[in-house]
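Have a look at the structure below, then the notes.
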Amino acid sequence: KLSLGQVGLRCIFCIHLNPKDRVERAVCYPSSIGRIYQTVADMQRFHFECCPEIPENVKSIYRSLKTTRPRGVGSPQAYWADSARELNLIDADKQIRFGTE
């Protein structure tokens, strides 16, 4: 269930399309800061390659960057969670919201 003020992630390339015309995972609402990493991974896996609105040059850059980070270096989960906290995002009742600070 979505609520006003809930934080989500979306594809900037196909957001102008009618929701029923977008491919899978165009808009996602992680249930917690700890789920952002998995939500982004799912968007990468199920949306980025299939979205007809993402320009080919952007897909090409994405593919090249995808292979440059050595496996096992750093914690991608911690990166996403720490970045969310830096943006003052907070967990609130099975959703992410902006904090009040």
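Just so it is clear, the model here is predicted, and its values are computed rather than measured.
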### Task
Would you give the length of the straight line joining atom CG of L17 to atom SG of C11, rounded to the nearest 0.5 angstrom?
9.0 Å
### Over all atoms of both residues, closest heavy-atom pair of R22 and I15
NH2-O, 3.0 Å
### Message
Taking F98's backbone N and O only, do any of them form a donor-acceptor pair with N88's side chain (distance below 3.5 Å, no angle check)?
### Response
no
#### Entry: Shortest non-hydrogen contact between T39 and P30, atoms and distance
OG1-CB, 3.4 Å
#### Entry: Where V23 and P52 come nearest, the two heavy atoms and their spacing
CG1-CD, 4.2 Å
### Message
Please report the interatomic distance CZ(R85) to CH2(W80), rounded to the nearest 0.5 Å.
### Response
14.0 Å
### Query
Within the distance-only criterion (no hydrogens, no angle test), does the side chain of Q6 pair as donor or acceptor with the backbone N or O of S3 below 3.5 angstrom?
yes
### Task
Take atom NZ of K94 as the centre, draw a 6.0 Å sphere, and report whether it contains more than 12 heavy atoms from other residues, nucleotides or ligands.
no
### Message
Please check if the number of heavy atoms outside R10 that lie under 6.0 Å from its CZ is greater than 12.
### Response
no
### Message
Please check: side-chain N/O of S83 versus main-chain N/O of Y79, any donor-acceptor pairing under 3.5 Å?
### Response
yes
### Query
Can L9 be reached from F46 by stepping across I, L, V, M, F, W or Y side chains whose heavy atoms are under 4.5 Å apart?
no
### Task
Group every Ile, Leu, Val, Met, Phe, Trp and Tyr by side-chain heavy-atom contacts under 4.5 Å, then state whether V40 and I12 land in the same group.
yes
### Query
Once you round to the nearest 0.5 Å, how far does CZ of R63 lie from CD of E49?
4.5 Å
### Query
Taking all atoms of both residues into account, what is the closest heavy-atom pair of L4 and R97, and its distance?
O-NH2, 2.8 Å
### Task
With rounding to the nearest 0.5 Å, note down the distance linking CD1 in I36 to CD1 in I96.
4.0 Å
### For D42, all residues meeting salt bridge (charged side-chain N to carboxylate O under 4.0 Å, His left out), sequence neighbours excluded
R25, R45
### For E53, all residues meeting salt bridge (charged side-chain N to carboxylate O under 4.0 Å, His left out), sequence neighbours excluded
none
### Query
In the single-linkage hydrophobic clustering (I, L, V, M, F, W, Y; side-chain heavy atoms under 4.5 Å), do V27 and M43 co-cluster?
no
### Message
So, taking the atom named OG in S32 and the one named CG in D93, what distance separates them when rounded to the nearest 0.5 Å?
### Response
12.0 Å
### Query
Taking atom NE2 of H47 and atom CD of E24, what is their separation to the nearest 0.5 Å?
10.0 Å
### Query
Under 4.5 Å between side-chain heavy atoms, hopping through other hydrophobics if needed: is there a path connecting Y29 to V7?
no
### Query
Just wondering, are more than 12 heavy atoms of other shown residues or ligands nearer than 6.0 Å to OH in Y62?
yes
